[in-house]
Amino acid sequence: MARLVMKFGGTSVANIERIRNVARHVKREIEAGNQVAVVVSAMAGKTNELVAWCRETSSLYDSREYDAIVASGEQVTSGLLAIALQEMGVPARSWQGWQLPIATDEAHGSARILSVNGDEIVKGFARGEVAVIAGFQGIHEATGRIATLGRGGSDTSAVAVAAGIKADRCDIYTDVDGVYTTDPRIVPKARRLDKIAFEEMLEMASLGAKVLQVRSVEMAMVHKVRTFVRSSFTDPDAPELKTAGDPPGTLICDEEEIVESEVVTGIAFARDEAQVSIRHVPDKPGIAANVFVPLADANINVDMIVQNISAEGFTDITFTVPSTDFERAKAALAGVREEIGYGSVEGATDVVKISIIGIGMRSHAGVAARAFKALSERGINIRAISTSEIKISVLIDAAYTELAVRTLHSVYGLDA
Ligand code: ASP
Ligand code: MG
């Protein structure tokens with residue numbers, strides 16, 4: 001017997017027929033003798049609709065009311081799934097975030113989970129009951145108001161519930177059958193990974209892979225929640241799923257659990273970055289602070305940073321920001337132009353950040369050199385580079401995205 005959290009995203013609960021399909025997946029696990037808590041998203045497209053209604057009513061809406069509105073999508077699916085399970089003879093009840101409770105901070109619209117009280121869920125297990133929990137929502141207890149976790153947040157709900165009830169595994173059922181070495185729409189030779197380490201998955205998710213909300217991976221890493229990404233579109237009654245063989249999917253786990261690992265695990269890319277270059281900046285102490293403090297004050301996330309050692313007392317500084325913050329970043333810099341005394345600010349939004357990720361890099365030399373050589377042989381110019389222990393990122397012209405991703409994918413032996 002295992003204790004499981006099963007999470008189903010919007011496309012997996014898009015209509016009543018799909019919800020019945022989900023109920024069959026749950027029933028299969030119950031019949032195998034497992035205890036199950038299910039976390040559901042809103043029906044596909046529902047949250048977008050709710051957000052749009054909110055904005056249509058007022059562009060300056062109260063974020064607490066926004067949360068009251070957008071959290072309703074998950075309330076509906078939790079109730080519907082509980083009914084579908086009951087119909088199949090599986091005892092089940094729905095739980096809203098506030099009923100457990102799932103406690104969050106006060107950052108309405110992108111709240112963080114502070115704690116999950118799993119007592120009621122576990123009591124339900126003793127009665128043979130499936131808990132169907134509305135994802136994406138919790139309660140800010142001091143004010144008693146509903147809070148939502150940011151788009152894609154039900155992944156985080158699922159992992160937090162798994163940690164809260166000490167589940168053996170958190171199964172994320174989604175519209176893809178796992179985590180791939182890169183986006184299969186760009187590289188048809190991309191392979192599904194059997195396993196990936198928490199740290200690698202965190203990089204993949206932060207750097208553009210859209211499978212899981214970044215916060216859910218952080219949470220899984222901190223609480224060591226083994227998280228299995230698998231497809232909800234398989235037939236729940238397929239014989240291979242009943243024989244407890246390994247269904248297709250990707251296990252996100254501790255690196256200790258991964259015996260054979262390649263040097264590079266995957267290639268991620270993010271098109272939503274913009275490059276900002278400040279030319280002719282006086283090179284003296286305090287300049288980096290003068291440049292980056294105003295950006296931090298404006299709540300702009302700076303990523304790659306490149307600065308030269310100056311020859312004649314002046315240098316150039318290049319960095320990237322999310323493209324949605326591009327204009328704000330330029331405005332913040334214009335505000336400190338006199339203070340800093342720089343020449344000009346230039347920028348580009350038609351850029352892409354490509355990242356090579358793998359814990360194997362820690363113990364292998366020459367990983368970056370191979371990437372630079374391969375890109376140069378294809379005539380691809382690198383605008384900026386940044387590295388960490390387990391990743392190398394390069395910023396290049398967006399027009400070369402596919403060529404670069406394909407090239408790197410094969411250079412590191414990831415092609416199927
Ligand atoms: N329904 C929410 C959204 O669309 C949360 C989720 O699906 O994870 O963002
Ligand atoms: Mg999602």
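As the structure lists them, so they are numbered: ligands from 1, and atoms in each ligand from 1.
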Let's go through Lys7 and Asp155 carefully: what are the C-alpha distance in whole Å and the side-chain angles of both, what is the deciding distance for salt bridge (charged side-chain N to carboxylate O under 4.0 Å, His left out) to 0.1 Å, and is it a yes or a no? CA-CA 7 Å; Lys7 185 260 168 177; Asp155 293 335; 2.8 Å; yes
Check the pair Ser94 / Ser78 against side-chain hydrogen bond (donor to acceptor under 3.5 Å, both in side chains), numbers first and verdict last. CA-CA 5 Å; Ser94 65; Ser78 62; 4.5 Å; no
Would you please write out the protein residues whose heavy atoms approach any atom of ligand 1 to under 4.0 angstrom, listed by chain and number?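 Its neighbours under 4.0 Å (heavy atoms only) are Ser41, Ala42, Thr47, Glu74, Phe136, Arg151, Gly152, Gly153, Ser154, given by chain and number.
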Only one of Arg279, Arg383, Lys330 passes salt bridge (Lys or Arg N to Asp or Glu O under 4.0 Å) with Glu346; say which it is.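 In the set Arg279, Arg383, Lys330, the residue that makes a salt bridge (Lys or Arg N to Asp or Glu O under 4.0 Å) with Glu346 is Arg279.
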Not counting sequence neighbours, which residues clear ring-ring contact (aromatic ring centres under 6.0 Å, His included) with His25? List them please.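 For His25 the ring-ring contact (aromatic ring centres under 6.0 Å, His included) partners, ignoring immediate neighbours, are Tyr173.
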Close side-chain approach of Val39 and Phe136, heavy atoms under 4.5 Å: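 Heavy-atom side-chain distance check fails, nothing below 4.5 Å.
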Would Arg226 count as a cation-pi partner of Phe198, with NZ or CZ less than 6.0 Å from the six-membered ring centre and within 45° of the ring normal?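 No, Arg226 does not sit over the ring of Phe198.
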